[in-house]
Protein chains: 2
Amino acid sequence: MQKLFQYFRKFNPLSKEAENAIAEICSIVTIKRNKDLQPIGHTCKTIYFINKGVARIYYFKDGIDITESFSFENSIIARVESLFTGKPSRKAIQILEDAEVVAINANQLFKLYDTFPEIERLFRKIFEVAYVETVNRIEGMQFHSAEERYNALLNEAPNVLMRVPLKYVASYLGITQVSLSRIRAQH
Amino acid sequence: MQKLFQYFRKFNPLSKEAENAIAEICSIVTIKRNKDLQPIGHTCKTIYFINKGVARIYYFKDGIDITESFSFENSIIARVESLFTGKPSRKAIQILEDAEVVAINANQLFKLYDTFPEIERLFRKIFEVAYVETVNRIEGMQFHSAEERYNALLNEAPNVLMRVPLKYVASYLGITQVSLSRIRAQH
DNA sequence: CTATTCTTTTAACATAAGATAAAAAATCAG
DNA sequence: CTGATTTTTTATCTTATGTTAAAAGAATAG
């Protein structure tokens, strides 16, 4: 839990009471590689913080496995298109390296917003930053060749290429695995 | 201003005091077609609500004009990657049809968050929905051909194709204008 | 350690989309 | 209304990426 509160502090420092209230609605989950933390079709009611390990959000399009995003230690992961709409998600969260995560009960968290405006503010800021990252990612996808997107990933998030199977990276970049391999071959 | 408050009500109904406080920090701006509402390089300190007209966010990549998004009546437009980070934006907001917009002073708005948690909640919800739309757009770009993306736009937002020059639509879809024209030719 | 399975690379061919140029059509200013 | 400008389409050629298949390499379970 300490890592989580440190992470929170970067966005909006909380009072002890608020921290305790959050601690009440959290649980620690350990989960093995290749397991789904949340399955496809389930409505997202949990926000996760990764203490240790790697995870990805993925879905199937025409039977093909597509990675939407990766998450590493000290970051939040949630299927927001379900969390914020209350609808079931067509996406799943899968663990790529044995993980320990903090599971935050979202419904109880949203109730805390009423008593602790500072908690609402904290999560507002967390998701504002995530929103900005997503907007920037659209820019990266709009007019870059596959090779440029690969090089950008190599520069901005080399940990992805070091810790994640390339077959998952390919769909994340919006290309086939064969294309990715070809790009890597020509340095 | 009435349209704005109606729009707000869909997200989070406000008290009369909160509405009045927001009205205080708003101004009405009318602006002509082809004008920039906000130029490139300026830090975003205003959130706009469109009463009438059409606008787009655009930027230049390697000298080429690229449209990030379109906005129509009864919606919010802001360059969030600047608004939420305080950094200058490499993007501009351009008016595509003579417009009337409500300009909300963002710094004053953020101050209102301290006295009116209901206002903070309102904008939290507004941007959560915008965040979800952006996540869904990534999905649309990840593994669809140009033709599929065109057809999706035709179904989901035909007003874009009806009211916006095609040269702007092409870059929005992540393709060249020539490609877009070719796709349209084959029905 | 070995066999099996999973992952990555390589090869050959097909195709969608880019680049450039020019024609046609539409829009706009005077 | 007319000429000038902007936007859209069409044509030709090139190239990047997809598709399929198979080989090579790495990881894993027993």
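Protein chains get the first letters and strands the later ones, always in sequence-line order, with residue 1 at the start of each.
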A.B. asks: Given Ile57(A) and Arg79(A), is the side chain to side chain contact (heavy atoms under 4.5 Å, CB included) satisfied, shown in steps?
C.D. replies: CA-CA 8 Å; Ile57(A) 295 179; Arg79(A) 294 163 305 164; 4.0 Å; yes
A.B. asks: Kindly state which residues belonging to residues 52-67 of chain A come within less than 4.0 angstrom of DNA chain D, counting heavy atoms of the residue only, listed by number.
C.D. replies: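 Within this stretch, nothing sits under 4.0 Å of the strand.
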A.B. asks: Just the rounded figure in Å: distance from C1' of dT9(C) to CG of Leu161(A).
C.D. replies: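 It works out to 16 Å between those atoms.
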A.B. asks: Is it true that the side chains of Arg184(B) and Tyr150(B) contain a donor and an acceptor less than 3.5 Å apart?
C.D. replies: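 Distance-only check passes for Arg184(B) and Tyr150(B).
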A.B. asks: Go through the steps to decide whether Glu120(A) and Lys125(A) satisfy the test salt bridge (Lys or Arg N to Asp or Glu O under 4.0 Å), and finish with yes or no.
C.D. replies: CA-CA 9 Å; Glu120(A) 180 162 14; Lys125(A) 288 183 175 177; over 6 Å; no
A.B. asks: Return yes if some donor-acceptor pair links the side-chain N/O of Thr85(A) with the main-chain N/O of Glu81(A) below 3.5 Å, else return no.
C.D. replies: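 Yes, because the side chain of Thr85(A) sits within donor-acceptor range (under 3.5 Å) of the backbone of Glu81(A).
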A.B. asks: Using the six-membered ring wherever Trp is involved, compare the ring planes of Phe8(B) and Phe123(B) and label them parallel, tilted or perpendicular (cut-offs 30° and 60°).
C.D. replies: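 Taking Phe123(B) first and then Phe8(B), their aromatic rings stand perpendicular (interplane angle over 60°).
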A.B. asks: Looking at residues 139-155 of chain A, who's got a heavy atom less than 4.0 Å off DNA chain D?
C.D. replies: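 Within this stretch, Ser145(A), Ala146(A) sit under 4.0 Å of the strand.
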A.B. asks: With under 30° as parallel and over 60° as perpendicular, where do the rings of Tyr7(A) and Phe49(A) fit, or are they tilted in between?
C.D. replies: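 Tilted.
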A.B. asks: Would you mind reading off the distance between Asn34(B) atom CG and dT5(D) atom C1', rounded to a whole angstrom?
C.D. replies: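 After rounding, the gap between these two atoms is 13 Å.
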A.B. asks: In terms of hydrophobic clustering (I, L, V, M, F, W, Y; side-chain heavy atoms under 4.5 Å; direct or indirect links), are Phe11(B) and Val80(A) co-clustered?
C.D. replies: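 Both belong to a single hydrophobic cluster.
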A.B. asks: When Ile77(B) is tested against each of Ile47(B), Ile93(B), Thr46(B) for side-chain contact (heavy atoms from CB on, under 4.5 Å), which residue passes?
C.D. replies: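 Going through Ile47(B), Ile93(B), Thr46(B) one by one, the side-chain contact (heavy atoms from CB on, under 4.5 Å) with Ile77(B) is satisfied by Ile93(B) alone.
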A.B. asks: Check the side chains of Tyr48(A) and Gln38(A) for a donor-acceptor pair under 3.5 angstrom, ignoring hydrogens and angles.
C.D. replies: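 Side-chain D/A pair, Gln38(A) to Tyr48(A): present.
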A.B. asks: Does OP1 or OP2 of dA17(C) have a side-chain N or O of Thr176(B) closer than 4.0 Å?
C.D. replies: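 It does not, given that no N or O in the side chain of Thr176(B) lies less than 4.0 Å from OP1 or OP2 of dA17(C).
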A.B. asks: Any cation-pi pair here, Arg56(A) with Tyr168(A), using under 6.0 Å and within 45°?
C.D. replies: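 The answer is yes; both the distance and angle limits are met.
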A.B. asks: Please list, chain by chain and in numerical order, all residues satisfying side-chain contact (heavy atoms from CB on, under 4.5 Å) with Ala92(A), sequence neighbours excluded.
C.D. replies: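 Here the qualifying residues are Asp36(A), Ile40(A), Tyr58(A).
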A.B. asks: Just by protein heavy atoms under 4.0 Å, how would nucleotides 6-13 of chain D read 5' to 3' in B, S and -?
C.D. replies: -SBBBBB-
A.B. asks: Round to a whole Å and report the spacing from CG of Leu173(A) to P of dG18(D).
C.D. replies: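 Distance, rounded to whole Å: 11 Å.
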A.B. asks: Considering residues at least two apart in sequence or located in another chain, which fulfil the side-chain hydrogen bond (donor to acceptor under 3.5 Å, both in side chains) criterion with Glu97(B)?
C.D. replies: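 Glu97(B) satisfies side-chain hydrogen bond (donor to acceptor under 3.5 Å, both in side chains) with Arg163(B) once adjacent residues are dropped.
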A.B. asks: CD of Gln186(B) versus C1' of dA17(C): gap in Å, rounded?
C.D. replies: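 The answer, rounded to whole Å, is 11 Å.
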A.B. asks: For nucleotides 27-30 of chain C, list the nitrogen or oxygen atoms of the protein found under 3.5 Å from its nitrogen or oxygen atoms, one pair per line.
C.D. replies:
{"residue": "dC28(C)", "atom": "OP1", "partner": "Arg33(B)", "partner atom": "NH2", "Å": "2.7"}

A.B. asks: What are the two closest heavy atoms between Ser89(A) and Ser82(A), and how far apart are they?
C.D. replies: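 Smallest heavy-atom distance, with atoms named: CB-CB, 3.6 Å.
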